[in-house]
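Quick note on labels: first sequence line is chain A, next is B, and so on, each numbered from 1.
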Number of protein chains: 2
Amino acid sequence: MSDVTGTASPRLPGLSATLVFKLGTLGTVATDRFTRALETFDLGLKPKHIGLLVALGAGAATSQQELAARMGVAPSLVVSLADHLEELQAVRRVRDPQDRRRQVLTLTDEGRRLLDRCETASRDLDADLTAELTDAQRAALGEALQLLADRVGLP
Amino acid sequence: MSDVTGTASPRLPGLSATLVFKLGTLGTVATDRFTRALETFDLGLKPKHIGLLVALGAGAATSQQELAARMGVAPSLVVSLADHLEELQAVRRVRDPQDRRRQVLTLTDEGRRLLDRCETASRDLDADLTAELTDAQRAALGEALQLLADRVGLP
DNA sequence: CGGATATCGTTCAGTGATCGAATGAAGCGG
DNA sequence: CCGCTTCATTCGATCACTGAACGATATCCG
């Protein structure tokens, strides 16, 4: 009966039914939980630190500029993240002999251990988060999110 | 010698294959895009403002404390968000006659219009984001995300 | 009734994350 | 050699957000 025009009252679906909205809110929740998990390590690390390690683990040794570009943050932020990670021996900072302006970052064994701990923690969070999903749903979700990530050009 | 495709260890999947990681990164992207869309409105609004409108639209008139609890932010933040939205005539602030300490917020028609604009913008972002998904995937994704949202107690 | 206590909204100062501009060292083109 | 660019770093500024203090109101209990 109601609106043939179709514009008046799409109030039931609503903004909160859109993907961007759900992704935004769930993303915050996910990041919060991961942040709390990180805090239990008691190393003063934030998600961005781990993001740096991940961006580093992907390819070979990388300059800080390159890292900043990959992560979408200011180069000056990479400095402080790398400072902290270097103190923890998770990364090594070496001047590139071919171009002595560049600081080449590489992942150390300690950094790999740290990444493993994060992976374990993340899997635990995943399990808790998806407790009410079927295996098929879990798989479909992971697949779909991966497609979105590819679409926007992420790791 | 050590890498290449031989390692059957759980190193290949990696942290970036976990849901929390994907949700975190995609959540940031989604929020960034929504933020940019909001900026085109040129009303000085941030996602949190819209979050307040959504939290408000859900139920009836609500006190600021209640809103703060729902949104998981400090009551003092609700003050400034509501200040801005009130200037834009998107919400009305009225002292509760039953309890004159409480400021009761209600969504105005202007606020509803604003929400509609946001919904339209979000649907556009959704369409772009999921351009490479099949309809079935899109549906499954929305469903799964809704289950996660329910699981963690979100709108 | 009346004083102690709790609650609501508001203000304000402080903190943390992030950025942008300025700086200095190093490379590069002519 | 000399300007021009690029890299890392430092530093000051900004923005969102919080927590503590405050005043006004409400509620409880003797």
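- When the C1' atom of dC15(D) is taken as reference, atom NE2 of His84(B) falls 15 Å away, rounded to whole Å.
- In this structure, His49(B) atom NE2 and dC15(D) atom P are separated by 13 Å, rounded to whole Å.
- Rounded to whole angstrom, the span from the CG atom of Leu85(A) across to the C1' atom of dA8(D) amounts to 16 Å.
- Rounded to whole angstrom, the span from the CG atom of Asp83(A) across to the P atom of dT9(D) amounts to 7 Å.
- A close approach under 4.0 Å does not occur between any side-chain nitrogen or oxygen of Arg93(A) and OP1 or OP2 of dC7(D).
- Proximity of Gln65(B) to the phosphate of dG9(C): a side-chain N or O atom is located under 4.0 Å from OP1 or OP2.
- Summarising the geometry, the separation between CE on Met71(B) and P on dA16(D) is reported as 14 Å, rounded to the nearest angstrom.
- Closest to the side chain of Gln64(B), out of dC8(C), dT10(C), dA8(D), is dT10(C).
- Among residue pairs with one or both ends in residues 73-90 of chain A, those qualifying as side chain to side chain donor-acceptor pair (under 3.5 Å) are Asp83(A)-Arg93(A), Glu86(A)-Arg93(A); sequence neighbours excluded.
- Take Arg101(A) and apply the side-chain hydrogen bond (donor to acceptor under 3.5 Å, both in side chains) test, not counting sequence neighbours, and it matches Asp99(A).
- For Arg138(B), the CZ atom counts as densely surrounded, since its 6.0 Å shell holds more than 12 non-hydrogen atoms of other residues, nucleotides or ligands.
- Using a 4.0 Å cut-off between charged nitrogen and carboxylate oxygen, Arg113(A) and Asp116(A) do not count as a salt-bridge pair.
- The distance between atom CD of Glu66(B) and atom P of dG9(C), rounded to the nearest whole Å, is 10 Å.
- Here dG23(D) presents its P atom at 18 Å from CD of Gln103(B), a figure rounded to the nearest Å.
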- Task: Go through Leu43(A) and Leu38(A) one step at a time and tell me if the side chain to side chain contact (heavy atoms under 4.5 Å, CB included) criterion holds.
- Result: CA-CA 8 Å; Leu43(A) 298 171; Leu38(A) 264 186; over 6 Å; no

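- Rounded to the nearest 0.5 angstrom, Thr31(B) OG1 and Phe21(A) CZ are separated by 10.0 Å.
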- Task: Spell out protein contact along nucleotides 17-30 of chain C as letters: B when the base is contacted, S when just the sugar-phosphate is, - when no protein heavy atom is under 4.0 Å; keep the 5' to 3' order.
- Result: SSBB-----BS---

